[in-house]
Each structure stands twice: as structure tokens, then as C-alpha cells.
Protein chains: 4
Amino acid sequence: MNKIRVVILGATGTVGQRFVQLLDGHPWFEVAALAASDKSAGKQYRDAVSWKLDSPLPAYAASMVVTQCNPELDGRLAFSGLDASVAGDIEHSFAKAGYAVVSNSKNFRLEEDIPLVYPEINADHLALIETQKIQRGFKDGFIVTNSNCSVMAFLPAIHVLEKLVGVESMTVTTMQAISGAGYPGVASMDVLGNVIPFIKDEEQKIQTEPLKILGRLQGNRIEPSHLRISASVNRVPVQDGHLASVSVKLKNKAAIPDIIAALRSFQGVPQQLSLPLAPQRPIIVHDLPDRPQPRMDILLEKGMAVSIGRIRKCDVLDYKFTGLVHNTIRGAAGAAVLNAELLFAKDLL
Amino acid sequence: MNKIRVVILGATGTVGQRFVQLLDGHPWFEVAALAASDKSAGKQYRDAVSWKLDSPLPAYAASMVVTQCNPELDGRLAFSGLDASVAGDIEHSFAKAGYAVVSNSKNFRLEEDIPLVYPEINADHLALIETQKIQRGFKDGFIVTNSNCSVMAFLPAIHVLEKLVGVESMTVTTMQAISGAGYPGVASMDVLGNVIPFIKDEEQKIQTEPLKILGRLQGNRIEPSHLRISASVNRVPVQDGHLASVSVKLKNKAAIPDIIAALRSFQGVPQQLSLPLAPQRPIIVHDLPDRPQPRMDILLEKGMAVSIGRIRKCDVLDYKFTGLVHNTIRGAAGAAVLNAELLFAKDLL
Amino acid sequence: MNKIRVVILGATGTVGQRFVQLLDGHPWFEVAALAASDKSAGKQYRDAVSWKLDSPLPAYAASMVVTQCNPELDGRLAFSGLDASVAGDIEHSFAKAGYAVVSNSKNFRLEEDIPLVYPEINADHLALIETQKIQRGFKDGFIVTNSNCSVMAFLPAIHVLEKLVGVESMTVTTMQAISGAGYPGVASMDVLGNVIPFIKDEEQKIQTEPLKILGRLQGNRIEPSHLRISASVNRVPVQDGHLASVSVKLKNKAAIPDIIAALRSFQGVPQQLSLPLAPQRPIIVHDLPDRPQPRMDILLEKGMAVSIGRIRKCDVLDYKFTGLVHNTIRGAAGAAVLNAELLFAKDLL
Amino acid sequence: MNKIRVVILGATGTVGQRFVQLLDGHPWFEVAALAASDKSAGKQYRDAVSWKLDSPLPAYAASMVVTQCNPELDGRLAFSGLDASVAGDIEHSFAKAGYAVVSNSKNFRLEEDIPLVYPEINADHLALIETQKIQRGFKDGFIVTNSNCSVMAFLPAIHVLEKLVGVESMTVTTMQAISGAGYPGVASMDVLGNVIPFIKDEEQKIQTEPLKILGRLQGNRIEPSHLRISASVNRVPVQDGHLASVSVKLKNKAAIPDIIAALRSFQGVPQQLSLPLAPQRPIIVHDLPDRPQPRMDILLEKGMAVSIGRIRKCDVLDYKFTGLVHNTIRGAAGAAVLNAELLFAKDLL
């Protein structure tokens, strides 16, 4: 089989590095180009990147020469970890040039004709691609996005509850890792031994993006969910892993054992299709009363599972639980790769 | 003026050390004895204690010989930072022996005849002392308690909202400092670069103690508040300072500027009486969008003020805000000293 | 091939957990029993252990019932991660009962007839086993030890320099991870945002153990090296990885490129024998000026390589460099497993 | 008494903020202007600064309008916390304009006619000012500097040993706080749970600046000390406080009790003159085996004392000890203020 030729956009950034790592030895995709800013272009990747992962820089990438983000590059699939300040134009130009653009950037997430996909939840939203091509005059190219990283810490569980008995509203307080802010990102003087109760624009993303993902495809558009979400975000001195304390108000009654059973048995399209990066268990329910914890649980299922624990009654809404996601794997680069695998398995590449 | 002779119970512990520090040079109280476990008794305090504060051990205490927790000790006022496993018996025996016991321990907080006092909120609850003396057969002694430390991060603000328009329910997610667990307390392997979404019994305390403090004194008992509280607690790698993300549902409408004005102008009995440890501003409202933060704001008003920030709409309940308290000063030893100052000013010592 | 039956002594401790992890799927060894204190004995391992590694508890171990440290157990090889307070008697009794005891504990390291082995350096010291058996009346059993974890951060490099031109003396300042103190070990209140310039007995170990490892086997005893070592130890808020700033005085001149070449080309017996856990490169020399770093480099070669960087002139001795070792893999459990693999390959099991 | 009118250069930076804090209520100096980059000029200080200290921004400074670094400003004394990239020109222009420039920047430290002063050690080096004025054509103005912050952690102790028996050479391994790199400075992703064994140019500063400070004034120049210093620097996840592990080779024998006595009794010119910021004890010797520690000891004597502990034999050189300095108080802004107080007391302002 010929592998799909891949370009990584923003290859030197925090999410870009995860793309480089996750695509090492991928069965379907082959990295043909590492693209980044003009400052990096022309250098070998090993010299252009300030590698921040605790596994070594993959050999395949080390000596590749970084290119500019030029849609003339020969490839079919582009993963984007670009900064929002430049992602819009570049991603659009790659789609225009025939690329399937699978983006982690926020720019297009909420546009009506762009799928915002969590593949275990709304794989059917890929149907928007056809509309998108027509509306934007793309021939072969298109754009697919994944959500903000902290959304992932609770959304699969909310989806399961929605299917089970319906969810009316939810509150979520996040405790987010520093890697979510990229590099250099959060100054050590701000976060060491401290908590910062603010991340710019983050609460807005958490309150809106899930409504689209949980929405219903109707004709060529998405009818958003009516779930009401209230988010309070915090930055904590943790390397990787966004933790979320969640309370939910359900539409109908459900007993805790039934909720746990539904979470544990949940399987989605990626599991049915046995996508390479799909976790066997998309949701892992922990029994220990003090779990999940970022340091211990973010690497379960190679960082692609979401952990849920402490499911218990809430005296104000109905139930409370704690969710955890690896913010740069399942919450970012891994989410995008899984989206691309879904596209491939559905013959959309 | 003769100062009141004071015994510190549990003087070598984390809260005990704060008592030793806060009572250094106190205008009304004089430390007559430092009492601790049998293991420490007989040693000089400097040798018995593993001093963990970043200010030096006060000179007055260094060479005092630690005594057992013996109610025969000559004194009038006992501050207790005892562990709950022993606090019950010892505190009771001191009260029996004629001591005014001002305790930070949880043992008696919810007993019907024991005042649980946050002096800016419910100074009038001290009226329970009379009933208590009668019921328990105390002659001059009695017990007064303060609440769990994390409660302090939000309770003064809730009280102000209650007075303003009434509060129906609230959710709170805490991010609590390691000093709250005492010493050795939390193992570094558990909390370094991590968040632990669990603290034993803490959610229960947060959900019940405020109801008593906000309750109404009726005859010789407290009619508890009907406020519903749901708490989710987390331990974070922060030295001192409990942070809380709070959402509230109000009984009547209130505009944010009015809420801020009410919080800023709030004054209680300690301010009216100019108690020595009373903060001039019991509640400080921050304007910067990323405040309050533990590292920056816990020492405002010498650690006796509560910080509030990020007051904004909540899409599920009505409003959200972030609260912060210094957990071992305003949240523990400082709260107890303020309670004792209130007793003194009200001629109850 | 029948695998060697293995008992892990102290299986619930920090080092014991690494044994459980490293022996998962081992080609030569099979865990037959997990032994620990009486408190744990009788429980399933998953219930007895407070698992602290960031990979899940291996399935093979989870439901094993923990046994007492009883030499009647049926097995041939015992890995010991026991606390020094009990290691002496237990290890001796296992050796007496016919076990090859491969210990990470300090108790026997410096005894004349006990090999203290770093297999890339002094595999020949295993010859002491024969003497040991005779002197101690062991029939089939014997004891082999590995050194203190922080020694590993510099010793392979010192050995290479010793072979190259001779080393006269060295100073080393360590910055050691919290996992080196076991669990619960270092209190978070002591080390969060702090450095503790002291670890009990550690400097003594660092100054003596290398002399034996670098010593020469003469007849049935080891003639210790005359190297002079001065150590200054510090505990830092790092999860895993001991870092060491080292200065060395050489006996003869050597140019930096020659030193680097010698370090990079170094191979020992484990590499020649292709032992399963042997790192391909026992010493990795870093080029970047700010490496090695614990967070980035401890997992190189699966945690079995030692990292060296910043090789440069010293204005007081001759050269300086920075060394790094994963303290619970290469520095403890991994070192012991490699020792056992060496024993197996040499037909000593 | 009319206070000396002071300009703070680089007032919004990390060191600048300490100047603002330390000069609050100073008995001799009065802040007349806060000067910073063009970006900040024109704003109120409270809006221009990202205040990072845990005490509130002093009221006197909050509403001052930040000015450009313009030597036309009316004042006599300029404290400089400027970045080295701009410090040279600006400081020189202020000196030219008649200012006594007391600088924490590195630019002029090693120039022959500029005093590099640690007032307890080499107050006499201020004699260079006369030469400097002549050589540079300054009329009333001049420049005085203090050393790099990490030097302070050991230099007073070395000076005492030098006076006692002479010091031939020393090695020092530093563990330096993040505040030493300014703001934003060290990225949290680099230092959280990590140690970075490198700080650009720092080892060179540590190896050269002490030689000038310990040097002898001969006529109008300094004969540098012949002490040999070898430094290895590390950045650790500590907020404030540089820790140093030091080994020294002495010229003559000295017993540890004599060394301790000499350190404890050490007094310098600032103590003799009772300068306002002079610590009563410039060197504090700790008895506890695990001290000094940054979190516990940096604020001794309001951050102006240097802490020494763990004095013991070194098997390679002669003695070892651990030193600690508050890097932004005694190690930077406090050092400069003390230098200015010395100038004032010596009638040089």
C-alpha cells in the first residue's frame, strides 16, 4: 500500500512535535514535509525545533529540512498545529490546493460548513465536507477540525449520559497543564507553586464547541445541542494532563451503576473500525477514590483514553465526576490523527 | 493590663506553629504554655518542633519547655490545633477545667451547643456558650470553634450575597494547598507536578459547616441555613492558599456592580470592634482578570483577608467567582485567634 | 526454555514496583512470588500496593497474592528492594536457602566477600561468589549487590576516564529526585519549590562504594581504588532522575575530543553479551549545552543509559561534566535486573 | 533632612520591582521617578508593571507615571536594574549627567575604574570613583556596581576564610532560582519538575567577579585576587533563593569551630555604620544538618543575610559548605541599595 503523503503545519510547535511523534511509523501516513514559519524554514528539523517531549526526536524527522507552509508541497493530507494567528489563511490555502486539512487550530471550528469532530461521538458530521467543498469552491481539499483540549476531558462522558438519559446542563472547573499553552507559554514565575484562575478565551470555547459536536446533522447543517455549559478554568503546575471537576443535571433519572456501566461499555466508530490510534477503551472509569490523576493516568491507552472517576451525587445538580485527558495527545495531536484515520477509513482521503 | 494566659494545644503541628507565630507580641494574649504530645513534652520547643514557616521561630517560644496537654496548667485560654484523633477529649477536659477553648479542630464544630463562628458573619452565635455551660456542666470554661479552612475561601462572599438578595444554592471546586494536610502530610511523590482530586471527608465538611455558620440563632439553638452546597475538592502543588471556583444561584436578581460594591463595603463585628487581628477589608475584590492567585495574594491584610475575583455570569446557575484564603492563617490559626479576640472584646474571657 | 523462578522481596515499595514493571515479559525470568511485609501478606498485590508508576500495574502481578518474605518459597532468584532495616536478615536467609539474591539494598554492599557490581565496569568481581559461598556456608545461594543510585550518575564516565588516563580525585554535587527516598518519603512541604541540601548517609555511600566497584580483583578479594571522592548531596523537586555536577582531576592529560570519543565508544560486558536490559549505548554524550536534563533524558535507552553533558575545563581540577541517571531504573531496579541477567549469561544461576 | 532624589532605571523588571519595594519608606532616599522602556513610558506604574512580588505594590509607586530613561530627570541617585542590552549606554549617560549610578547590571562590573562592591568586603574600593570621574570626564556623576547574584551565596564566607587563613581555590555548584532570570524568563515547560544544568555566561561571571571584589586596592587600581574558582551552575524549580554547594582549599590550616566562630562574628562596614538595610548578622551559620534551604531561610534579616550551613571536611579540597542568598534582595536590588547607603554614609552622594 502506498502511504498517504502528509505535511505537518507548525511542525516545530508543541502540538507539531506531538504530530511528529505520533506519526513515527504510522501504518497509513507518511510525513513528506515538515512546515513551519519562515524563521525555521531551511533548517534541519533537529536544529529548528526546541524538542520538548521526553521521548527522543524520531530519526525520520531529525534531518528533514523544514519548509515554508507552502500549499505547492506535494501531499494529500495536512495536519495543522499552527498558531491561530496564522492558521486561518494557511489552512484555507492548503484546502484550496487540494489538501485534506486536519486541524487542531481554533479558527474554523465553529464555521457552519466545517466538521468539528470527536470521532467516537459525531463521525457522521463528516458529511459537511461535501457542502463545504461546494460553498468554498474546494475541489479535492477540505478542512476538518477537532475541539479545544479541555473539552475532551468531559465530552465523551457527557455524550454517554446524553444517550443514556439526556443532559440538561453542566458546570465544569478545569485544572489545566502548562503544555496546553505551548512553548515558551506560561512563565515559570507565574505558575510554579501557584494556580492561575484564568486562561484567555478558554471558557468561551468550552461553553460553545461541545454544542456543535453534540449537535444533530440535519441536511447539510448541524443543529446544535441545547445543553447549557458553564466553565471555570485554571492553570496548574502540571506538565501534561487537563483535569476537570464536572457536575451535570440530567433530563431523566439514572442510577450510578448504570452510568458506570454505560461509560465502561462505550464504543464508537474508531473502535468499530479499529483505527490505528483508537483506544480500545475510549473511556476508562477508575474505582480508586483519588483517581484519575494527571501524573498517573494520562498515558493510559497511549494517551488516547479519557479517564473518569469519583462519580457521585451532586447536591445542587444531579451527579459529579472528575475527568482527565492528555491535552496534547487525545486533546490535540492525537485527536487530529484519529480524525485523519477516520477520513482514510471512510475513503475520504 | 494583665494579659490573658494562653496555652497552645498541639503546638508543634502545622496549625500550632501558626498560633506560635501569630501570638508573638499579641497585645492581649500571652503564651504561658506550649502543649503537645507526650513525645514532645519535656523538650525545649525549638527541639521538639520541626519548624516549617518561612519566618524564624519566635524567640519567646524557642526555649519554652513543651508540656503535656494537661488541663491543670495555669491559664484561661486554650488555642487548639490538635489532631482530630485526640482533640475531642483534650478540649473537653480543658473546658471542664475552666478554659475558654478556641479550637480549629473539627470535633465539636457541628455539635448543637458549640458555636461555630466566623466573626464577621455570626458573632451572635456566641450566645450558645451559656447553653453549653449548662448542658455540659462547665463552670467557667467553654468551647468555641472555627470552620474548615476551605470554607473560608467563599463563605464571607456567600454571606454578603445572602444579605443582598439571598442565595439558593452553590457549587464549589477547590484547589487546596499542601499545608492544609499538616506535616508530613501529602507525600511529594503524590503531588509534585500533579493534582489529586480527593481529600478525605473534606467535601462533607464544606457542604455542612456553612449551613450552621449562616444559620439563625433562635432561642438557644441555631436554625441552619437552607443553602444547598455541592463541593468538589482537589489537592494542588501549592504551599499555602486554598483557591475555590464558585457558582451561585441567587434568590433574587442582583447586578454585578452591586455585588462588587456590597463585597467591597462589607464590614463585620471584628472591624467594628477593631480587633487586633481583624483585616481592615475582610473581603478584597480583585480587578485583574487573572487574580486572585495563591502565590501573590494570600498575604494581603497579613493573611486575614479573603480575596475574590472574576465575578461574572454563570450560564447554569447565576454568577461565578474565584475565592482565595490563606488556609493556615485566616483559614485556621488566624481564625481562631480572631475568635478569641472577639471573646475578649465581648468580656467572655 | 524454562524461565528462572523469581521472588521479588519488598515488592510493594518504590524499587519493588520497578522490579514488577521491568520483569513484565522478561525473556529469562518469571515472577513466581511477590513478597513483602506481614502487613501486605495475604492481600492481592493490586490491593497491597500503592502503585506509583505512570504505566499501569502489569496484569501478571495484579492478582498475585503477596507472600511473606519466606525463604521456603520455591524459586531460584530473589530481587531485593527491601528497606535496609530488614534487608540484612532476610537476604541472608534467602541466600542460605539457595537463592541467588540480587539486592539493591545497602546492607551487604561493602562486605568483603559480596560483589558490588556495575556490569559494564566490574563483571569480573562476580568471582567473589565462590569465596562468599565458602565463607558463609551457602550451598547454591549467594548475594550480589548494586551500588547507591546517585553513584550511577557519574561512575561509568569515571571508569572510562580511569581507563583512558587515570583519575586522581573528583568532587560531585548531586541534585536528587524525590523517588529516591521511596514512598511516602519526602514530605511535599519540605521539597515543593525548595532544595534540601542533605540526605542522610548519602555522601558517605557516594564516597566509598565507587572505590570497591573500581577496585581490582586480586585473588579472592578486591583491592579498592585509590580515587578520592568528595560528595555534596541535595534533594530537588524532581520526580525521577539524579543529576550530578562533577569535577575530576586526571592522572595524565587528555583532550576533550578524546574523552568524548572514549565515552561514546564505551561498551561493556552487558553489551557484548547482548543482555536483554543492556542499553546499546551505556553512556550517551549530549551535544546541546543545556543537557542532560531529568525531564527530558532519563528515559533514553529505556532508562538504562547514563547521560553525560557539558564536558569542559575545570579551573580547579581538570575537567567538569554533568551526569544523569534514572534513579529507580538504571540506578536501582534496572541495575539489579542487569546484574541478574549477567549471572544468568555467565551460568551462575 | 532632605531625602536624596532617586530614579529607578528599569523599574518594571524583576529587579526594578524589588527596588520599588525596598525603597518604600526608605529613611534617606525618595523615589522621584520610575524609568523604563518606551513601551512603558507614559503609563501609570500600576498599569505598566506586571507586579510579581507577594507583597502589594507600594502605594507611593502605583500612580507614578513611568518616564523614559532620560538623564535630564531631576535626581541625584539612579538605581539600575536595566537589562544588559541597554544598561551600558543609559547608565553612562546618567553618570555623565551627574547621577551616582548604582547598578545591578553586568556591563561595567569588570571595568578597571568602576568599583564592584560588596560593602562588607571591599568598601575601600569606592576610592576608584575619583579615578573614574577623571578618566571618563564625569563631573559629579559616577558608576558603582554590585556582583552577580549567585556570587553572593558564597563570597562573604570566602572573604572570612581568606582573612582567617587564606583561600587557594574553590569549586561551587549552584542551584539557582527562577526569579534570577527575570520575567517571563524561564519557561515553565523547561523547569517544572526539572533541573537545567546551564545558565548562559553565568559560570564565567562567578569565576571572575569575586577576584575583583577580593582584590586589593593599590593606588588607583585593583590588584585582583589569585583565588581560582570553578563554577557549575544549575537552574532549579525554586521561586527565590540561590543555593550553592562549595568546596574550598585553604592556604593554611583551620579548625571547623574556628571557621564557624569567624563566620558568626563577621561584621563589615555596613554593620559598623549601621546602614539602614545592613543585616545585623551578614552571615548566619545554621546548626541543623539540612539547612539552609531556600524556602525557609531566604528572608532571614529581611533577605539581606547570607546563610551558611553544613560546614564539614572535604576529601578532595579541605572543607565543604552550603551557602544561600536571596537572589533578588541581597543578591541584586538589596545589594545595590546597600551600596547606595554606603555612598551616602561616606558623603559620596
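By convention in this document, chain letters (A, B, ...) are assigned in the order of the sequence lines, proteins followed by strands, and residues within each chain are numbered from 1.
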Which portion of B:L288 sits near chain D, non-hydrogen atoms under 4.5 angstrom: neither

Side-chain donor-acceptor pair present, D:Q17, D:T12, cut-off under 3.5 Å: no

Heavy-atom neighbours of D:Q280 CD exceed 12 at 6.0 Å: no

Under 4.5 Å from a heavy atom of chain D, the part of B:L300 involved: side chain

Donor on one side chain, acceptor on other, D:E120 and D:Q267, under 3.5 Å: no

Over 12 foreign heavy atoms within 6.0 Å of NZ, B:K302: no

D:I298, part contacting chain B, at a heavy-atom distance under 4.5 Å: neither

Portion of B:Q239 that has a non-hydrogen atom of chain D nearer than 4.5 angstrom: side chain

